[in-house]
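Letters A, B, ... are given to chains in the order of the sequence lines, protein chains preceding strands, and every chain is numbered from 1.
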Amino acid sequence: MTFQTHDARILEVKELTSREKLFTLRFVDPEINRKFKYKPGQFVVVDIRGFGEFPISLCSTPTREGYFQLCVRRVGRMTKHMHTLKEGDIVGIRGPYGNGFPMEKMEGSTLILVAGGLGMAPLRSVLWYALDSGKYEKIYLFYGTKAYEDILFRDEVIHLLKHGEDMNCHVKLAYEVESPSCIYLEKGYSPRVCKGVVTDLFRGESFDVENTYALICGPPVMYKFVIKELLDRKLSPGRIYMTLERRMRCGVGKCGHCIVGTSTSIKYVCKDGPVFTYWDALSTRGLI
Amino acid sequence: MMLKLGVFELTGCGGCALNILFLYEKLFDLLEFYEIKEFHMASSFREHDTLDVAIVTGSVSTQRDLNLLHYARNHSNYLIALGTCATHGDVQASVEGKIRDKLEKVYGTKANPMRALDSTPIVQHVAVDYALPGCPYDKDEIYQVLISLAKGIEPPTKDYPVCIECKLNEYECVLVKKEIPCLGPITLGGCNAACIKSGVGCIGCRGPLPKEANPASEFEILKELGYDEEYIRRKFKTFARGELRW
Amino acid sequence: MVNIEIEAFTRVEGNGGAEIIIENGEVKDVKLKIFEGPRFFELLTLGRHYWDVPDLEARICAICYLSHSVASVLGIERALGVNVPEEIMLLRELGLLGELIESHALHLYLLVAPDLFGYADAIRMASKHGEVVKEGITIKAFGNYIREILGGREIHGINIKPGGFGRYPTVEELERIERQSEALLRPARRAVNIFAEQEPLGATVQHYIATNGYLYGDKLIAEDGEKFDYLEHIEEKTLPYSFAKQSRYKGNIFMVGALPRVMLKHDMLTPMAKHFYEEHKEKLASGYISFNNLAQAIELLYALEKAKEVAKTLLDKGIEGENVPIEPQEGEGIGYVEAPRGVLVHHYRIDERGNIAYSNITTPTAFNHAIMELSLYEEAKKRYGSSDETTFLQKLEETVRAFDPCISCSVHVVRL
Amino acid sequence: MIVLRYVKLPQENFEEFFNSLKRWGKLYAPVKKGDIYSFQNVETLSEIALDYTRTMLPPKKFFVRPKDEMLKLKEGHWEEANGTEPIVLFGVHSCDIHGLEILDKVYLSDPVDPYYKKRRENSIIIGISCMPDEYCFCKSLGTDFAMHGFDLFLHELPDGWLVRVGSVKGHEIAWGSEELFENVTEEDFHHFREFEEKRTNSFKRSLNKEGLADILDLAFDSPVWKKYERICLGCGNCNMVCPTCRCYEVCDLWINAYEAVRVRRYDSCFMETHGLVAGGHNFRPTRLDRFRHRYYCKNYFDPESGFNCVGCGRCDEFCPAKIEHVKVLDKVREGLQ
Ligand SMILES: Cc1cc2nc3c(=O)[nH]c(=O)nc-3n(C[C@H](O)[C@H](O)[C@H](O)COP(=O)(O)OP(=O)(O)OC[C@H]3O[C@@H](n4cnc5c(N)ncnc54)[C@H](O)[C@@H]3O)c2cc1C
Ligand code: SF4
Ligand code: SF4
Ligand code: SF4
């Protein structure tokens, strides 16, 4: 391994919201393209050469080959620059890194995907993987968003609202800011669309806790509430997976920024994670 | 396309403008991306034009400075406050007293025909897009900033105290080993620990480390070493007026 | 009648302009305006411990910070009755030589040369005369190298301390200085020839003042043979239109700087510099202030030759690197240094705890204020009506530039 | 022919042995610089401070450099920037050898850090015995004696050095200068043990590591942290000088209009941005969090390799606030009882 990055060409740039863009990329070297295998929940490091690197989750699914996708929110220096890039531009990519979700282990089970805001990005990878493979009992997507305009992959989410049930995919959406579009959606899909926060979406749902896994990704404040909801329903901590974010420079457990825990439990979010179970969180202080 | 650059000098020692010339061949590198539209220390050429990047050095110490500053702000898209005069006020801003009293002490009269003002940093008067302190700033820093802007990306910022660079260079710690008052622990890094390289303590020319400096503890440490309170207090405020409070 | 306003001089350090007062179709008067804001350095240092003062004084000016540091250190040492060994004085001299090289090269190549070649600045000039600009930059960079080694960094280093230095230069650094000063003599010689071609401008100087040693001293000297302290024969007055004050020597307008130095101290020049002095003696003696540039070019050679000599002496003797210990005590002292632009005076009184009780700084551009104004007047009078406006203004600017004025410095002429 | 794991280097051969090491690479050893020691390139034995206490920067500076160019950007592509040359580190103390082994765990674990690995492979480590000063507490952590991690280890004897051979390369070196060595005598062993005993009794500071990891974990909310938060400057000096601190920050720098370099440099977990992520959330928002974090990280107990601290005393010696590592831990422990 080196810290070299490989040329990847931007095939398409799609504006998802005013803050997020979806980049579809492919490695320039076909050999690298062929070798690039990843799991939902893993991430890559994007390299804007001469300016810096930043980690981004893969939001596409390995079941669809030949390209990969990154959903990038504009928050600072590098991501702002990323947003100025166009189709045909080249960026450097290294990875994939991290453990990813244990997709194989979960086969045959029900998956509850709980996404808040940008947390939709890595979970979209899981969602499409699960749908494509057809190896999962039932898929729930609970998605909490601020407003209609902030819904990531809006077309896809609405499409699944409409037709998901046919694919055993049960989509629910909670929004915080009222708008005509939301009310329109709510009218069409109530009670699956409602005003509130993501935990409200658990209302009225029951799962076979012996055969269910929950996968969570969202802003730091969200985890505690969602986990409480799941534990109340007696889901075992080992069946709760969450993907976490920390500052990281290397992505491979060297640069030390993502170290969490105390004297009894030190973990690197990049290589021991970013996907952790709730057991990990219980034994590693400061993980969530 | 070439970016239009202007360098404006308010009241100061001229070092921040001069330091740009000290980039030598790197200055010519920058000219691959920038046209200089205003830089009175270096050129008689001047074109009143909207600038992509304006660099303002010096502090606001006269009405003329203030007018020039507003001109620069109103005619530029991206304004860089360059040097401690511009970002924190530097030494002239730490002179206490009202302007007319100061004038009287020095010129013998309270009259103020040239409309001098109490020195203040430019950040106090206009919004700045980027602030780069240092008396003078490290010239490679402005080079990196201008290259970044030329290539369309926000310039990076520093977030660590002088101590970090001091150690990276493996300079002997003068505070610990020689009991010399050194403001390194509470001063924003970026100078490559120039003072400690000379075996003397950091005098704080880059201003306080934002947010996380612990001046109270530094104060106690220096007091412990036998420096009197007034001395330490003055040392703290030399470059950044009263910003180091606790 | 319309007065002519020069809004702001360019290619000079600091902010200043001029107003030419026209009456009945004639130049009646010229006002040199310094509108660089006042910075009150004397108030700043008051009550401060002497140890920290040179670092603050350096901030007066970036181009000649090292001269300020040395003048400050000399004033403080004299006030405290400290005598430093020859080695430390030699190292300080080396620093001052570096500053002379840096400052003169900057002024001659980057600020004045564009006038001679007809460009707005050195960058534009570089397209046709890249060689000259490059030589200038190389010499300037070398001067800065010396400043960095002796002073601590290129601008506002804090290595020059009462009693010695923070850090002493290494053998390798001194060797590099010795080697490189030799190598730069050739291009510097070419510079003399370029600046010898400049036309006479401004007033002719009648009175010169300098320090008794070439780059520093303990007294001032004048062309009338007087050896004196600055308070003895120099008076100042404030002006309503300027933050700088004006000075007179025994009631006369006088000049400090490169021209006065070579005129008063040519017997101290190094061989090659002396050779050129002899060659251009008459021109220099004519006293036109534009020949200050020629004098600077000769000094550039001097500084390179001398730097080599000093570096060699230090290398031969070996560096001890010992600072002189200082006990604070009451006292008063004056430091005289030849900054690149001329005589610089730092005057201090220190109390028994080592704090500054009084300080006064007089800078070369302040000393030159009156002669600059007079030169503008003479040049304007000569040109008004006969030159077109662009040339008129251009020549006035060139006149001011010949002084290599350092306006930031000039606003600190105070007596408390 | 000597094929023992122990050999003796008589004092009169010491200098020749030292000079012979230059054959194996550029020679670095501790020298005195002002009031600190530092590993520097040396030519002669007389430059070395054999009785040094500790260098300011530990030997990690040769493997993860303070400022380290990783890649060079040329025409839009990165090139590897790292040149490696063979080096000999002469005079490394036992605690630092342990420190390097802790770093190895990080940098040589999969995926291997290529720069670190190359430099490690190109280095020879020659240890030397030492006497503790008032800062040392390696004994209590068991890092006062190195069983591996060196090529040769020199132990002071009254009339020379007892040399332990710790690797194949160490054998090669000894072999190459065979004529300089003698067999170890019973008396030499006696002196060696005497020295070690004297050393063991010279420690002035010791760390009570009994249940330390658990105690710290329990003391998460201890008021002791708050007390130190007020004193700590958050300057990061303790991180910079620590042989096991390994955080680094990466930044790209332009060297001219079209060429850049990617540089990593030591970072410190005391920096405000260390735990900051997108959205402005900071996982260690206060100095208290950061102060505690460092103690947690240093005192993390890995059943395989022990603590992340080797007791070298650097953080104490170079903390401007004079915060003492052992004392902080003792106070935290006391606070819990
Ligand atoms: C495993 C992982 C997966 C991620 N996936 C995505 C994703 O799919 N989409 C997305 O938009 N973002 C994702 N991020 C966050 C993304 O890395 C940061 O937004 C990005 O690094 C910010 O860089 P910047 O230069 O634009 O911001 P800066 O200008 O450097 O700073 C802006 C903010 O971003 C924070 N930040 C800076 N560097 C990092 C970093 N390396 N990690 C986290 N925060 C940082 C800063 O502390 C600051 O609050 C992920 C982060 C991690 C660790
Ligand atoms: S000398 Fe000053 S800057 Fe350097 S480590 Fe010590 S306290 Fe920090
Ligand atoms: S060490 Fe301090 S005073 Fe010196 S240059 Fe750096 S910031 Fe300025
Ligand atoms: S060296 Fe001391 S003061 Fe500085 S961060 Fe470490 S513990 Fe705090």
Is it the case that more than 12 heavy atoms not belonging to D/Lys327 sit under 6.0 Å from its NZ atom?
no

Give, as side chain, backbone, both or neither, the part of D/Asp267 having an atom under 4.5 angstrom from any heavy atom of chain A.
side chain

Is chain A contacted by the side chain of D/Glu80, its backbone, both, or neither, given a heavy-atom distance below 4.5 Å?
both

Determine whether A/Phe3 and D/Asp113 make a side-chain contact, defined as any pair of heavy atoms from C-beta on separated by less than 4.5 Å.
yes

Report yes or no: is the cationic atom of A/Arg249 (NZ for Lys, CZ for Arg) under 6.0 Å from the centre of the six-membered ring of D/Tyr248, at an angle within 45° of the ring normal?
no

Kindly write out the residues that satisfy salt bridge (Lys or Arg N to Asp or Glu O under 4.0 Å) with D/Arg284, not counting sequence neighbours, or none if the list is empty.
none

Under a 4.5 Å heavy-atom cut-off, does chain A meet the side chain of D/Arg264, its backbone, both or neither?
side chain

Taking side chain as everything from C-beta outward and backbone as N, CA, C, O, which of these in D/Leu216 sits under 4.5 Å from a heavy atom of chain A? Side chain, backbone, both or neither.
both

Counting neighbours of CZ on A/Phe225 that are heavy atoms of other residues, nucleotides or ligands and sit closer than 6.0 Å, is the number greater than 12?
no

Could you grab the distance from atom NE2 of D/His274 to atom NE2 of A/His257, nearest 0.5 Å is fine?
4.0 Å

Taking heavy atoms only and a threshold strictly under 4.5 Å, list by residue number the residues of residues 5-20 of chain A that touch chain D; give 'none' if the list is empty.
A/Thr5, A/Asp7

To the nearest 0.5 Å, atom CD1 of A/Ile259 lies from atom SG of D/Cys269 at 8.5 Å

Which one of D/Phe307, D/Phe301, D/Tyr115 has the most heavy-atom pairs closer than 4.5 Å to chain A?
D/Tyr115

For D/Lys67, is the NZ atom crowded, meaning more than 12 foreign heavy atoms sit under 6.0 Å from it?
yes

D/Leu276 versus chain A, heavy atoms under 4.5 Å apart: side chain, backbone, both or neither?
both

Give, as side chain, backbone, both or neither, the part of D/Trp254 having an atom under 4.5 angstrom from any heavy atom of chain A.
side chain

Measuring heavy-atom distances to chain D, does A/Ile48 have an atom under 4.5 Å in its side chain, in its backbone, in both, or in neither?
backbone

Heavy-atom contact with chain D under 4.5 Å, split by part of A/Arg285:
side chain

Spacing of D/Arg246 atom CZ and A/Lys254 atom NZ [to the nearest 0.5 Å]:
10.5 Å

Separation of D/Phe283 CZ from A/Glu245 CD (nearest 0.5 Å)
6.5 Å

By a 4.5 Å heavy-atom criterion (distance strictly below it), what part of D/Ala213 contacts chain A: side chain, backbone, both, or neither?
both

Quick check for you: to the nearest 0.5 Å, what is the distance between D/Leu253 atom CG and A/Phe51 atom CZ?
11.0 Å

D/Tyr116 portion near chain A, given a 4.5 angstrom heavy-atom threshold:
neither

Taken to the nearest 0.5 Å, the spacing of A/Cys250 SG from D/Glu249 CD works out to 11.0 Å

Proximal to chain D - members of residues 262-273 of chain A, heavy-atom separation under 4.5 Å
A/Thr262, A/Ser263, A/Thr264, A/Ser265, A/Ile266, A/Tyr268, A/Lys271

For the interface with chain A, which of D/Tyr296, D/Tyr107, D/Tyr295 has the highest count of heavy-atom pairs at distances below 4.5 Å?
D/Tyr296

What part of D/His281 lies closer than 4.5 angstrom to a heavy atom of chain A: side chain, backbone, both or neither?
side chain

Would you please test D/Asp252 and A/Arg49 for salt bridge (charged side-chain N to carboxylate O under 4.0 Å, His left out) and show each step?
CA-CA 8 Å; D/Asp252 291 3; A/Arg49 293 174 185 149; over 6 Å; no

Based on non-hydrogen pairs under 4.5 Å, which of D/Thr273, D/Asp214, D/Asn308 is most in contact with chain A?
D/Thr273

Can you pull out the residues in residues 215-223 of chain A with any heavy atom less than 4.5 Å from chain D?
A/Pro220

Side chain, backbone, both or neither: which part of D/Cys297 has an atom under 4.5 Å from a heavy atom of chain A?
both

